[in-house]
2 protein chains.
Amino acid sequence: MSKDRNRVPPDARPRATMREVARSAAVSLGTVSRVINNKQSVRAEVRARVQAAMANLGYVPDAVAQSMRTQATRSVGCMVSDVSNQLFSRAVSAAEGVLHRSAYTMILTNSQDSKEREIEILSLFRRRRVDGVICSVSREDDPEIVGLLGGLGLPVVLLERTMDLGVDAVATDHRSGAYQAASYLLTLGHRRIGLITVSQDALPGRERARGFEKAHGERKVPVDPALMAFHGFSADYGYRTAYEFLTSRHPPTALIAGANQMVGALKAVRALKLSIPRDLSLISFGDTDVTELFSPPLTCVRWDPAATGQMAAEVLLSRLDGTARKGPLRMALPAELVLRQSCAPSPG
Amino acid sequence: MSKDRNRVPPDARPRATMREVARSAAVSLGTVSRVINNKQSVRAEVRARVQAAMANLGYVPDAVAQSMRTQATRSVGCMVSDVSNQLFSRAVSAAEGVLHRSAYTMILTNSQDSKEREIEILSLFRRRRVDGVICSVSREDDPEIVGLLGGLGLPVVLLERTMDLGVDAVATDHRSGAYQAASYLLTLGHRRIGLITVSQDALPGRERARGFEKAHGERKVPVDPALMAFHGFSADYGYRTAYEFLTSRHPPTALIAGANQMVGALKAVRALKLSIPRDLSLISFGDTDVTELFSPPLTCVRWDPAATGQMAAEVLLSRLDGTARKGPLRMALPAELVLRQSCAPSPG
DNA sequence: ATGAAAGCGCTAACAG
DNA sequence: CTGTTAGCGCTTTCAT
């Protein structure tokens, strides 16, 4: 009893139902439903009476009951590894905005890139009967995850991922970004360029490696695998890796790193008292406050995370309302190289 | 017809219901329900049979129907001004983690600090029958918002906000943070300190102003209202305000600014070619990559946004399961001053 | 320990 | 144009 006090204020009357509205307005259930859903013909006078009754009773439609009846929840499941990542929070925020405008609700989950959690979350989406899913899985080739996504039997839009599943995907053109960055450094004469980026199990890491290799290939500059690091997302990983690179026997003269990892790399640079760009040229994947405010300001590959989220939501909505074109969509958003002051010709 | 192809894969059988499980296991609906909910006594043999049938049919409980029946949705509405704000994304992420562990789902919404959207979102939460709400409203004293929150008739936890509504609140001790920052600068001999922070309509802005004033009061140093700016959250506002302060007739010798606004302030500092800390001492509210990596590293007031989110979720859960103590909880999390190299004795 | 039956609040035929 | 009715899939008495 007393426990309930804190859960429901004492003055909380049970919410009004359609039935009460109908009685109060002296009409039938069906008519109330028609008014709620702006359906067909209801005489203006009756409509007004019903609306008055609703206002009077403080009636609010029960979305649960509506979903129960219509089999649609107007909710979208969103799964990312962690919203506290700038990259994701901007995409998620933009996606939420788009969905909200179309009266869809977003269920947000963090997978922490754990397969176990991903499986659990996908099953959660299923239990909750979400109408669609926007997600960024940790590994694109995991058969269990692929199976679960496909088994959902509803529209799925991948964010910065792709899969051979006939599913829509929205991603940045990281290959082009990496290609531009590497080409620029090669043009400056650099021959040993370090690359610190994310796992090869997902599109951004793979595409960046491809673009990086392509730029080297075109100039017939060999890529040293020892200078490519793909095994961590964190600033801490960036620190350790950059430190190792820079203290190795054949250190790179330039470094390309993800914005997150760059934070760590910059600490390594500071710890080693290197001067940028004299001792080392630097390019960041992703433009952040840090890249802009560091001394010197960092040259970077810039793209728009919010645009990916917005696009993902729009693609999903187009599936949901059936206006999408037939096959799976694969959208690539551009990345550009922003020249600042962290790169110089190779000393060699 | 063909439109449906993209919505539901052709092989998507309608999902199995309890009824089919019951038939397949040759038991009644009630028994299946008992198995699903781990209820009371069901003979082990029967339980196994039912579980086998569920697995066999790929049965997944329908959360919508469960909510319909139990009147609980196990979902929590979360409203912040914008998740793409670091501050909020960390809190939201932590809150989601806690809720998820207790099998609650988070519905995420961005209000953009627009009253109109806030009203709409609160009514959305009501329609969706969320079991509880975590939110950070734009104005704590808006009677309409207060009324709506109270009228929800369910547990609400305010994030970095307070209200006279008998509602729980979790916030950082910004007053202490600002007090420490201002005291430190005053001790260094500064007599004109600029303060750039957020609106006085919400707790963080108000508390920071109080702490700032208290530090001055204790030392009988007058506060110049012209050096207090409360009207923007953005980096851009930080830039404009800092620029004005620093080019005014009586410029401050020190500046305290929110992390967001500090990004702009640093650009102003750069544009004016000021040397830190020689020409100006700087303290940031909030520790970010920028504060740490700027040259020189910035002294800052540090707190833990994730802890606020986690705490808010825990408080909400304790309400939801009735274990919370009677009155409204008001939790204050600590803020500490982190000394780095952006402050020096006042030249005066 | 299990079964039968009554709805939760709503929408969508179908009648009239 | 409006009323009646049959469930959506589940939980929960109440019997047995």
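We name chains A, B, ... by the order of the sequence lines, and we start the count at 1 in each one. Since the structure is predicted, the reported quantities are computational estimates derived from the model, not experimental observations.
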When the distance from CE of B/Met68 to P of C/dG7 is rounded to whole Å, what number comes out?
-> 13 Å

Figure out the CZ/P separation between B/Arg23 and D/dG9, and round it to whole Å.
-> 13 Å

In whole angstroms, how far is the P atom of C/dG9 from the CZ atom of B/Arg128?
-> 18 Å

Please identify each residue that fulfils salt bridge (Lys or Arg N to Asp or Glu O under 4.0 Å) with A/Arg129, with sequence neighbours left out.
-> B/Asp62

Backbone of A/Ser138 reached by a side-chain donor or acceptor of A/Glu118 within 3.5 Å = yes

Atom CZ of A/Arg19 and atom C1' of C/dC10 are separated, to the nearest Å, by 10 Å

For B/Ser24, side chain to side chain donor-acceptor pair (under 3.5 Å) partners two or more places apart | none

To the nearest angstrom, how far is B/Asp62 atom CG from D/dG9 atom P?
-> 7 Å

Looking across every strand, which nucleic acid part, if any, lies under 4.0 Å from A/Val64 by heavy atom: base, sugar-phosphate, or nothing?
-> nothing

A/Arg128 meets the salt bridge (Lys or Arg N to Asp or Glu O under 4.0 Å) criterion, sequence neighbours left out, with none

Selection from D/dT2, C/dT2, D/dG9 that lies nearest to any side-chain heavy atom of A/Ser28 = D/dT2

What string of B, S and - do you get for nucleotides 11-16 of chain C, 5' to 3', when a contact is any protein heavy atom under 4.0 Å?
-> BBB---

Protein-nucleotide distance (B/Arg127, atom CZ; C/dC10, atom P), rounded to Å | 12 Å

Partner residues of B/Lys115 under the salt bridge (Lys or Arg N to Asp or Glu O under 4.0 Å) criterion, sequence neighbours left out = B/Asp142, B/Glu144

Without placing hydrogens or testing angles, list every side-chain donor-acceptor pair under 3.5 Å for residues 164-171 of chain A, not counting sequence neighbours.
from: A/Asp168; atom 1: OD1; to: A/Arg319; atom 2: NH2; distance (Å): 2.7
from: A/Asp168; atom 1: OD1; to: A/Leu329; atom 2: N; distance (Å): 2.6
from: A/Asp168; atom 1: OD2; to: A/Arg319; atom 2: NE; distance (Å): 2.7
from: A/Asp168; atom 1: OD2; to: A/Arg319; atom 2: NH2; distance (Å): 3.4

So which pairs with a foot in residues 65-85 of chain B pass salt bridge (charged side-chain N to carboxylate O under 4.0 Å, His left out), sequence neighbours left out?
-> none

Can you tell me if the side-chain N/O atoms of A/Thr17 get under 4.0 Å from OP1 or OP2 in C/dG9?
-> no

B/Glu314 meets the salt bridge (Lys or Arg N to Asp or Glu O under 4.0 Å) criterion, sequence neighbours left out, with none

Nucleic acid contacts of residues 45-52 of chain B, taken as heavy-atom distances under 4.0 Å to DNA chain C | B/Val46

Donor-acceptor contact present, side-chain A/Ser102 to main-chain A/Tyr104, <3.5 Å | no

Give the rounded distance in Å between these two atoms: CD of A/Gln71 and P of C/dG9.
-> 18 Å

